[in-house]
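What follows is a single structure, written as structure tokens, with notes after it.
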Amino acid sequence: MSRQHPALPHQGSAAGLPCERSSTSFWHSQPSPLLLAHRSTRNLPQTADVVVIGSGITGASVAHHLLAGDNGSKNKDHGLNVVMLEAREACWGATGRNGGHCQPLLFESPNDPSIGHFELANFHALQKLIMDENIDCEFVAQPGVRAIYSRHHLEEAEMALNIMRTTAPDLHKMMRLVTSRKSLARYRIPSAKGALITETAARMWPYKFVAHILSSLLTATDLEGTFNLQTLTPATSLSASSDSSGWVVHTARGTIHTQKVVLATNAYTSHLLPTFADLIVPCRGQMSALLPLPSVRDDDRLQTSLGFLGDGLDDYLIQRPNERGGHLMFGGGRQHSPSIGVTDDSVVDWQTATYLRTRLVDALSLPESGGKFTATHEWSGIMGFSRDERPWVGPVPASALLYDRRPGLYMSAGYTGHGMPNTWLCGKAVALMVQKTIEFPNDPEWAVEMAAAEVGLPTSYRLTDERMARALQAEGVEKKDRAEMERREAAYRGVGTVVSDRPPSGYA
């Protein structure tokens, strides 16, 4: 493709800012006193070396790896000054509203095993950090079960496993497909047509993990730089600095001049970068925290995490520890309410809520026939759906900048409801890119390549001109999602299927 920067169409509407009042997530029921309304300084800093916008797991990873990780700035006399801006409270977006899953979906990209390997590495990196720092975030490694409820999804799973015998034999050995009634009943999914099982999965309390990372940065006395967190401070726009380089981040409280900006904004990315309106599209998901019925309580609790895959179906379930209530954290039901293009997470849809309170009785074939669960919390959250179903990670090319075309703007966003197995290492990749371009300013392309290689970032995640142009020629997020929902309706009517290439995605 020409090195001249083509005009990229963006027909969708740019996302707004996160709404001020959001629904109450269970994960926020024990908020960090240090982080609530936290502003490290009374006034907004006027300058910074790096501004990170967003305080979910991606933003936390970027800040951690810039300042406290093994690759943090080594020169304490010239450590980086990092400012993090958050529109609401810290970790109040998708990370603080998700399903609590961390399950690498090793089978979803059989022809590109680098994705499965990356998700597996992300899982192990999280697990090691949590163990090393003794982070109380209810992280428990357990088998992951992907229950399959349609014939064509089962056939696709069989085909993926066959392909992986050649493309990724090591990953293939980590999975098995079960279809016998006896085995499916043992996994509490007797009505499924089959299930993919992996031993590499976990459940966790995502907010508590991020709260630990941010609190550690705020209280550390040996950081290789400085960390300033400014909550309740939405970034409203970006502009080029009046000098020869750098950016200005605009907020209602003032501006910050900086050399580097990292967008860890997921669904809201197009608010600051309108050319991404058709590349990362907001999608509202809904969650519930359900008190366990007797048949899934104490010794009869679930022993695995569960994802439910079928026509228009992408529900997800974990169960918290018995000694802490044993809540079933169940999400999904997007077919019951508007979701694509929606950024309002103050709304809890009653039809979806009813579905989430009743669906598990049938899905798990529980003896409490006709019963329903009691929800202690019901809430919604906004995911960022990528047009090509892959995260966008790296420096933003000039073609995506409508006016102020200059380097120094980076992104990690667009996880399509599958953030937990990706975000930590995606954030690390961006942090390394920032560090290495500072260290090697005369060869930024080489610096970015070295950073991506060090983390093992899949090529398909890289943010490039070519990928943007290619994605914009493909079917849009809304059209693909509509086809998936139509396929579900057709299956219920018994009139065949509607073909869709949209992969399943859970709010994980």
Could you tell me whether [X] and [Y] make a salt bridge, using a distance below 4.0 angstrom between a side-chain N and a carboxylate O?
{"X": "Lys480", "Y": "Glu389", "value": "yes"}
{"X": "Arg334", "Y": "Asp481", "value": "yes"}
{"X": "Asp443", "Y": "Lys436", "value": "no"}

Heavy-atom pair of closest approach, residues [X] and [Y]:
{"X": "Ala202", "Y": "Phe123", "result": "CB-CE1, 3.6 Å"}
{"X": "His250", "Y": "Ser239", "result": "NE2-OG, 2.7 Å"}
{"X": "Val455", "Y": "Ala429", "result": "CG2-CA, 3.8 Å"}
{"X": "Gly341", "Y": "Val281", "result": "N-CG1, 4.0 Å"}
{"X": "Cys283", "Y": "Ile340", "result": "SG-CD1, 3.7 Å"}
{"X": "Leu171", "Y": "Pro113", "result": "CD1-O, 4.0 Å"}

Exam field: side chain [X] to backbone [Y], donor-acceptor pair closer than 3.5 Å:
{"X": "Glu86", "Y": "Ile53", "value": "no"}
{"X": "Arg320", "Y": "Arg324", "value": "yes"}
{"X": "Arg462", "Y": "Gly394", "value": "no"}
{"X": "Ser25", "Y": "Gly96", "value": "yes"}
{"X": "His65", "Y": "Ala431", "value": "no"}
{"X": "Ser386", "Y": "Arg390", "value": "yes"}
{"X": "Thr95", "Y": "Ile57", "value": "yes"}
{"X": "Ser270", "Y": "Leu273", "value": "no"}
{"X": "Asn122", "Y": "Met420", "value": "yes"}
{"X": "Ser216", "Y": "Leu214", "value": "no"}

Check whether any side-chain heavy atom of [X] sits under 4.5 Å from a side-chain heavy atom of [Y], and report yes or no.
{"X": "Leu105", "Y": "Phe107", "result": "yes"}
{"X": "Met468", "Y": "Leu463", "result": "yes"}
{"X": "Leu17", "Y": "His271", "result": "yes"}
{"X": "Thr251", "Y": "Leu85", "result": "yes"}
{"X": "Val448", "Y": "Thr437", "result": "yes"}
{"X": "Met411", "Y": "Val262", "result": "no"}
{"X": "Met433", "Y": "Lys260", "result": "no"}
{"X": "Phe308", "Y": "Phe330", "result": "yes"}

*asked:* Counting only heavy atoms not in Glu138 (residues, nucleotides, ligands), do more than 12 fall under 6.0 Å from its CD?
replied: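 Yes - once you tally the heavy atoms of other residues, nucleotides and ligands closer than 6.0 Å, there are more than 12.
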*Given Asp388 and Leu279, is the side-chain contact (heavy atoms from CB on, under 4.5 Å) satisfied, shown in steps?*
CA-CA 8 Å; Asp388 64 2; Leu279 293 171; over 6 Å; no
*Quick one: are the ring centres of Trp392 and Tyr461 less than 6.0 Å apart?*
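No, too far apart.
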*Between His64 and Trp424, does the ring centre distance come in under 6.0 Å?*
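Centroid separation for His64 and Trp424: below 6.0 Å.
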*Run the side-chain contact (heavy atoms from CB on, under 4.5 Å) check on Leu35 and Leu218 step by step: do they pass?*
CA-CA 9 Å; Leu35 296 182; Leu218 291 169; 3.7 Å; yes
Quiz question: by atom type and distance under 3.5 Å, do the side chains of [X] and [Y] form a donor-acceptor pair?
{"X": "Tyr415", "Y": "Thr58", "value": "yes"}
{"X": "Glu133", "Y": "His212", "value": "yes"}
{"X": "Thr24", "Y": "His28", "value": "no"}
{"X": "Arg284", "Y": "Ser380", "value": "no"}
{"X": "Ser32", "Y": "Lys208", "value": "no"}
{"X": "Ser40", "Y": "His38", "value": "yes"}
{"X": "Ser22", "Y": "Arg97", "value": "yes"}
{"X": "Gln142", "Y": "Arg203", "value": "yes"}
{"X": "Asn81", "Y": "Thr226", "value": "yes"}
{"X": "Ser23", "Y": "Glu378", "value": "no"}
{"X": "Tyr316", "Y": "Ser305", "value": "no"}

_With Glu119, the side chain to side chain donor-acceptor pair (under 3.5 Å) member among Gln103, His124, His418_ =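 Of all the options given, the one that passes is His418.
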*Checking side-chain contact (heavy atoms from CB on, under 4.5 Å) for the pair Val50/Val434: CA distance, chi angles, key distance, verdict?*
CA-CA 8 Å; Val50 183; Val434 169; 3.9 Å; yes
Reported [atom1]-to-[atom2] distance for the pair [X] and [Y], which is rounded to 0.5 angstrom:
{"X": "Glu439", "Y": "Leu432", "atom1": "CD", "atom2": "CG", "answer": "10.5 Å"}
{"X": "Leu120", "Y": "Thr200", "atom1": "CG", "atom2": "OG1", "answer": "5.5 Å"}
{"X": "Met204", "Y": "Cys137", "atom1": "CE", "atom2": "SG", "answer": "4.0 Å"}
{"X": "Thr167", "Y": "Asp112", "atom1": "OG1", "atom2": "CG", "answer": "9.0 Å"}
{"X": "Ser460", "Y": "Asn111", "atom1": "OG", "atom2": "CG", "answer": "11.5 Å"}
{"X": "Phe118", "Y": "Thr459", "atom1": "CZ", "atom2": "OG1", "answer": "11.5 Å"}

*Of Ser215, Ser61, Cys91, the residue whose pairing with Val210 passes side chain to side chain contact (heavy atoms under 4.5 Å, CB included)*: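 The option that passes is Cys91.
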*Of Trp205, Phe209, Tyr207, which meets ring-ring contact (aromatic ring centres under 6.0 Å, His included) against Trp27?*
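Testing each of Trp205, Phe209, Tyr207 against Trp27, the sole residue satisfying ring-ring contact (aromatic ring centres under 6.0 Å, His included) is Trp205.
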*Mind running side-chain contact (heavy atoms from CB on, under 4.5 Å) on Gln230 and Arg253 for me, showing each step along the way?*
CA-CA 10 Å; Gln230 297 285 327; Arg253 298 174 54 219; 2.8 Å; yes
*Which word best sums up how the rings of Phe26 and His377 line up, parallel for under 30°, tilted for 30 to 60°, or perpendicular for over 60°?*
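Aromatic pair Phe26/His377 classed perpendicular.
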